[in-house]
Each structure stands twice: as C-alpha cells, then as structure tokens.
Peer 1: 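Mind looking over this structure? Questions follow.
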Amino acid sequence: MDVRELRNCFGHFATGVTVVTWKKEDQFHGITVNSFTSVSLDPPLLLVSIDKRAKACSMLEDHPFTVNILAGDQESIAWQFAGRPQEGLTIDWEETDHGPKIKGALATFECRPWQGYEGGDHILYIGEVTDYTYDEGTPLMFYKGQFLKDKSEEEKVNQ
C-alpha cells in the first residue's frame, strides 16, 4: 500500500485542530493533534492519537492533560506546537489542576489519564474528562494538508 496516497485519502476528512497540553517539571508542554474524538459520556472519556516518534508521546504517558480546541484565529498556535516555532508568539496560559489551558481556545477538556493503547505507529491516549469549557466562535479547520481560512475573516481583511 502506498502510505503517502493513504495519507492523502485520510486528508479528505476535514478535522478541527487541537493542542494537547500538560505540565511536567514546572514547564508547560503541548503538541498539535487533529486525531481527537469523544469516546463516552458515562464515564466522560475522550481519545487523542499521538505518533510514537513524537517526543510528546512518552512525556504524556500517565500525566493529566488538557485538550484545547483551537479557534479560527489561532493558526500560529497550531504551528508552534506542531514544531514550527512562531517568532514573537506569546501563549496566554491558564493553569488548572489538570494542566495548562490555552486562553482563547474555542473549547477545553481537562483530563486525568484513563488508559493508553498501542495503535500501530501511534499511542491512543484516553482521558477521563474532569472539567470543560466552551465559547461560541469559528473553529480552526484542517483539510487536505492545510488549514482552512475563515472566509468571513478574509472578507474583513479585504474591505
């Protein structure tokens, strides 16, 4: 099977963009993730999928974490935590009992570790949701290998 073509096919599924964050040794860490889904309402569980080769994969094991669903104007934050540092970017954090949250995120889910599962070249981390927040707004979207721009934002710039 051609792995690149398989990836291209998966890319036809539009997803939201999240940054999974946690605190370790008094430092905030994060990784951009678009493999995120709800699992269960009772108990409240969610899943994020992290590539085994990512440094974040081992750091996240058995640590409380927060899933931050990014808003449409937070593309630079997505790039920052995808390993492409954004010059001059300042992250506004809010510290919680289960790890840091990114201020301005469209929604957040604070989680304690539930279970991790091998999933081929990824680890599937399931977290138990202990708290959540959400606001109205437009999400940051990813489709066919790129971020989708909010047309209403583009129209404001062009006026």
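Quantities reported herein were computed from a predicted structural model and do not represent experimental measurements. Any value given below was found using the heavy atoms of this structure, including those in side chains, with hydrogens, waters and symmetry copies removed. Numbers for residues simply follow the sequence, beginning at 1.
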Peer 1: Using only atom types and a distance under 3.5 Å, with no angle test, would you say the side chain of Thr96 pairs donor to acceptor with the backbone of His98?
Peer 2: yes
Peer 1: Nearest 0.5 Å, what's the CZ-OG1 distance between Phe81 and Thr18?
Peer 2: 11.5 Å
Peer 1: Ignoring hydrogens and angles, tell me if any N or O in the side chain of Tyr125 forms a donor-acceptor pair with the backbone of Tyr117 under 3.5 Å.
Peer 2: no
Peer 1: Counting distance only, does the side-chain N/O of His63 pair as donor-acceptor with the main-chain N or O of Glu61 below 3.5 Å?
Peer 2: yes
Peer 1: Just verifying a value: how many Å separate Thr21 OG1 and Trp93 CH2, rounded to the nearest 0.5 Å?
Peer 2: 5.5 Å
Peer 1: Side-chain heavy atoms nearer than 4.5 Å, only ILVMFWY residues, links allowed to pass through others: does that put Val33 and Val17 together?
Peer 2: no
Peer 1: With distance as the sole test, does Ser38 use its side chain to make a donor-acceptor pair with the main-chain N or O of Leu46 at under 3.5 Å?
Peer 2: no
Peer 1: Which value, rounded to the nearest 0.5 Å, describes the distance between Arg7 atom CZ and Glu5 atom CD?
Peer 2: 12.0 Å
Peer 1: Filter on salt bridge (charged side-chain N to carboxylate O under 4.0 Å, His left out), then keep only pairs touching residues 120-135, sequence neighbours left out; what's left?
Peer 2: Arg112-Glu128
Peer 1: Is Ile102 linked to Val67 within one hydrophobic cluster, defined over Ile, Leu, Val, Met, Phe, Trp and Tyr using a side-chain heavy-atom separation of less than 4.5 Å?
Peer 2: no
Peer 1: Kindly state each residue pair satisfying salt bridge (charged side-chain N to carboxylate O under 4.0 Å, His left out) with at least one member in residues 36-60, sequence neighbours excluded.
Peer 2: Asp51-Arg53, Lys52-Glu118
Peer 1: Are Phe36 and Tyr132 connected into the same hydrophobic cluster when the rule is that any two of I, L, V, M, F, W, Y join if their side-chain heavy atoms are below 4.5 Å apart?
Peer 2: yes
Peer 1: Please give me the minimum heavy-atom distance between Gly16 and Asn34, naming the atom from each residue.
Peer 2: O-CB, 3.5 Å
Peer 1: A side-chain contact here means heavy atoms from C-beta on lying under 4.5 Å apart; do Phe109 and Tyr134 qualify?
Peer 2: no
Peer 1: Using a 4.5 Å cut-off on heavy atoms from C-beta on, say whether the side chain of Pro100 contacts that of Glu94.
Peer 2: no
Peer 1: Decide yes or no for Thr66 and Val20: does some side-chain heavy atom of the first lie under 4.5 Å from some side-chain heavy atom of the second?
Peer 2: no
Peer 1: Determine yes or no for a side-chain-to-main-chain donor-acceptor pair under 3.5 angstrom, with Gln146 supplying the side chain and Lys144 the backbone.
Peer 2: no
Peer 1: Do we see a donor-acceptor contact under 3.5 Å between the side chains of Thr108 and Thr133?
Peer 2: yes
Peer 1: Given 3.5 Å as the limit, does a donor-acceptor pair link the side chain of Gln74 with the main chain of Ala71, or not?
Peer 2: yes
Peer 1: Do Phe65 and Leu60 come close enough that some side-chain heavy atom pair is under 4.5 Å?
Peer 2: yes
Peer 1: Under a single-linkage definition using a 4.5 Å side-chain heavy-atom cutoff for Ile, Leu, Val, Met, Phe, Trp and Tyr, are Trp114 and Val39 assigned to the same hydrophobic cluster?
Peer 2: yes
Peer 1: Does atom CG of Asp2 have more than 12 heavy-atom neighbours, drawn from other residues, nucleotides or ligands, at distances under 6.0 Å?
Peer 2: yes
Peer 1: Look at the side chain of Glu110 and the backbone N and O of Thr130, then say whether any donor-acceptor pair between them is shorter than 3.5 Å.
Peer 2: no
Peer 1: Give the C-alpha distance, both sets of side-chain angles, the deciding distance and a yes or no for side chain to side chain contact (heavy atoms under 4.5 Å, CB included) between Lys23 and Glu95.
Peer 2: CA-CA 9 Å; Lys23 182 178 179 180; Glu95 193 162 0; 2.5 Å; yes
Peer 1: For Thr32 and Ala82, indicate whether the former's side chain and the latter's backbone hold a donor-acceptor pair under 3.5 Å.
Peer 2: yes
Peer 1: Does one hydrophobic cluster hold both Leu89 and Leu140, with members joined at side-chain heavy-atom distances below 4.5 Å?
Peer 2: yes
Peer 1: Nearest 0.5 angstrom please: Trp22 CH2 to Lys24 NZ, how far?
Peer 2: 9.0 Å
Peer 1: Return yes when atom CG of Leu6 has more than 12 non-hydrogen atoms of other residues, nucleotides or ligands closer than 6.0 Å, and no otherwise.
Peer 2: yes
Peer 1: What's the separation between atom CG in Leu47 and atom SG in Cys111, rounded to the nearest 0.5 Å?
Peer 2: 10.5 Å
Peer 1: As an exercise, state the distance from CD1 of Ile77 to NZ of Lys103, rounded to the nearest 0.5 Å.
Peer 2: 12.0 Å
Peer 1: Donor-acceptor pair, Asn68 side chain versus Leu70 backbone, under 3.5 Å?
Peer 2: no
Peer 1: Check the pair Trp79, Phe147 against ring-ring contact (aromatic ring centres under 6.0 Å, His included), reporting the backbone distance first and the verdict last.
Peer 2: CA-CA 10 Å; Trp79 284 120; Phe147 293 107; 5.1 Å; yes
